[in-house]
Amino acid sequence: MQLHLTRPDDFHLHLRDGEALGTTVPATARTFSRAVVMPNLVPPITTADQAKAYKERILAQRPPGSSFQPLMTLYLTDATCPDTIRAAQAAGDVYAVKLYPAGATTHSAAGVTAMEKVFPALEAMIDVGLPLLVHGEVTDATVDIFDREQLFIEHELWPLIKRYPELRVVMEHITTRQAVEFVREAGDAVAATVTPQHLLYNRNHLLAGGLRPHLYCLPVLKCERHRQALVEAATSGEPCFFLGTDSAPHGRQFKEAACGCAGCYSAFGALELYAEVFEQAGALERLEAFASHFGADFYQLPRNTETIRLEKKPQPVPAAFPFGKEQVVPLRGGEFLQWTLL
């Protein structure tokens, strides 16, 4: 069996920086035409000039003949001013602004401490048409980690979109039935990305029989009923749900540690993983729209015209990939993908 698809885009991607780009950029460029690149470097990407310089470092690692284009983002902080937003949009390299609640995930220490502190920046984003990308978790340490997305929706997102109904918002890497319901109810200005790990795995895969650090990501994997809700949403054909891998590589020693860091590396075979989900759901005819159409439409970008082919043919996944001077262990490392990109 073969699938012919419009070449897809990845609307949520971590490429890291430095020598790691030698692995992450070719892996993504192999499959995707464009990718929305996250700004949580150290230090974070907070200005148009920084975004341009990072883009140039990414482009320098494209394989020969590749037309892959990174779509840059800014890291929203309490100090982000409207002029910074306007300058970023005018420069032409920045396509969105990312909100990390301070302390919510990897390299989020400089993130937003209170939503009201960024209202002026959000108003400028509305004026210039830049969408807000949200890591949707509360950071209160007394809140159960499995409830943090649901409470963020209730306490932060609903008030935000009621205050700014014209603000385009992407709730990134949704993990719960409540997030699916929120996106469906919030209106046309709100959408969500869905990752392969949250579609394929639940918290039993992470925890039962021993902790599997390479399945640890944030937001953390949830129970099976939430995974099923995500699969139903992603394969529904509704344009408010689209592909965003949140591929987030870390060196092996930082994952396999006493306090391992969060993130799953999937860019090496992301579309093949999504195809497995859609096949299991009996919805392969809807994969192209999810992967190639809906995200471009939400970001007001032209749809790609190049096509690619997938074949239903198992392929082994390496136990690890080079990652600068380190190694990164991929999702399904040492196992098999059920589809192959031709």
Side-chain angles (χ1 to χ4, degrees), residues 11-12 36-41 43-51 71-143 147-174 178-179 181-193 218-219 240 244 298-300:
F11 283 96
H12 186 154
V36 173
V37 179
M38 294 299 104
N40 59 331
L41 305 183
I45 303 298
T46 59
T47 69
D49 287 345
Q50 291 171 342
L71 309 178
M72 309 311 293
T73 61
L74 291 191
Y75 187 117
L76 188 64
T77 75
D78 290 349
T80 303
C81 67
D83 286 346
T84 297
I85 298 296
R86 295 189 183 98
Q89 191 277 334
D93 295 313
V94 173
Y95 287 79
V97 178
K98 182 63 181 276
L99 189 159
Y100 293 102
T105 188
T106 303
H107 300 161
S108 62
V112 173
T113 62
M115 195 71 76
E116 59 268 21
K117 293 185 178 181
V118 296
F119 284 167
L122 298 180
E123 290 161 6
M125 289 166 57
I126 294 169
D127 290 343
V128 301
L130 286 179
L132 177 70
L133 316 183
V134 178
H135 181 110
E137 292 187 285
V138 299
T139 57
D140 185 342
T142 65
V143 175
D147 296 331
R148 292 179 182 181
E149 181 174 276
Q150 178 181 349
L151 290 181
F152 189 89
I153 292 167
E154 295 172 1
H155 298 167
E156 302 290 350
L157 279 182
W158 274 121
L160 179 67
I161 67 167
K162 288 176 180 176
R163 182 182 180 93
Y164 297 118
E166 63 273 51
L167 179 66
R168 285 188 293 146
V169 176
V170 180
M171 189 175 182
E172 302 282 22
H173 45 48
I174 59 171
Q178 290 85 357
E181 293 170 350
F182 164 74
V183 172
R184 284 176 166 153
E185 295 171 10
D188 292 343
V190 176
T193 55
L218 288 173
C240 53
F298 185 86
Y299 274 81
Q300 300 173 356

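The structure presented is a predicted model; accordingly, all values stated were derived computationally and were not measured.
Of all non-hydrogen atoms in Ile174 and Ala192, the two that sit nearest each other are CG2-CB, 3.7 Å. The two residues Ala51 and Val94 make their nearest non-hydrogen contact at CB-CG2, 3.8 Å. When every heavy atom of Leu160 is checked against every heavy atom of Leu122, the shortest pair comes out as CD1-CD1, 3.6 Å. In this structure, Ala48 and Ala88 approach most closely via the heavy-atom pair CB-CA, 3.7 Å. For Ala121 against Leu76, the heavy-atom pair with the smallest separation is CB-CD1, 4.0 Å. Residues Leu99 and Met115 come closest through the heavy atom pair CD1-SD, 3.6 Å.
Neither side chain, Asp49 nor Thr47, offers a donor N or O lying under 3.5 Å from an acceptor on the other.
One finds the CD1 atom of Ile45 at 8.5 Å from the OG1 atom of Thr73 (value rounded to the nearest 0.5 Å). Atoms CD1 and CG, from Ile161 and Leu132 in turn, are 11.5 Å apart once rounded to the nearest 0.5 Å. The structure places NE2 of His155 at 11.5 Å from CG of Leu157, a figure rounded to the nearest 0.5 Å. With rounding to the nearest 0.5 angstrom, the CZ atom of Phe11 is 10.5 Å from the CG atom of Leu133. Distance check: Gln150 CD to Glu137 CD gives 12.5 Å after rounding to the nearest 0.5 Å. The distance from atom NZ of Lys98 to atom OG of Ser108, rounded to the nearest 0.5 Å, is 10.0 Å.
Shown here are the side chain to side chain contact (heavy atoms under 4.5 Å, CB included) partners of Asp147, two or more places apart in sequence or in another chain: Val143, Asp144. Thr46 pairs by the side chain to side chain donor-acceptor pair (under 3.5 Å) definition with Gln50, not counting sequence neighbours. With sequence neighbours excluded, no residue forms a salt bridge (Lys or Arg N to Asp or Glu O under 4.0 Å) with Glu154. Evaluation of the salt bridge (Lys or Arg N to Asp or Glu O under 4.0 Å) rule for Asp83 yields Arg86 as partners, not counting sequence neighbours.
Residues Val36 and His12 form no side-chain contact, since every pair of their non-hydrogen atoms from C-beta on lies 4.5 Å or further apart. Two residues are said to be in side-chain contact when any heavy atoms from C-beta on lie closer than 4.5 Å; Val134 and Val169 meet this criterion. Using a 4.5 Å cut-off on side-chain heavy atoms (C-beta onward), Pro44 and Pro39 make no contact. Contact check for Ile85 versus Val128: side-chain heavy atoms found under the 4.5 Å cut-off. When side chains are defined from C-beta on, Leu74 does not count as touching Thr80, because their heavy atoms never get closer than 4.5 Å. In this structure, Val183 and Cys240 have side chains that are in contact, with non-hydrogen atoms separated by less than 4.5 Å.
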Check against side chain to side chain contact (heavy atoms under 4.5 Å, CB included), Arg148 and Phe152: CA-CA 6 Å; Arg148 292 179 182 181; Phe152 189 89; over 6 Å; no
Working for side chain to side chain contact (heavy atoms under 4.5 Å, CB included), residues Val190 and Phe182: CA-CA 9 Å; Val190 176; Phe182 164 74; 3.9 Å; yes
Test log, rule side chain to side chain contact (heavy atoms under 4.5 Å, CB included), inputs Met38 and Glu172: CA-CA 11 Å; Met38 294 299 104; Glu172 302 282 22; 4.2 Å; yes
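A side-chain donor-acceptor contact under 3.5 Å links Asn40 to the backbone of Thr106.
Applying the ring pair (Phe, Tyr, Trp, His ring centres under 6.0 Å) test to pairs two or more places apart or on separate chains, those with a residue in residues 79-115 are Tyr75-Tyr100. Sorted by first and then second residue, the ring pair (Phe, Tyr, Trp, His ring centres under 6.0 Å) pairs involving residues 108-138 (not counting sequence neighbours) are Phe119-Tyr164, His135-His173.
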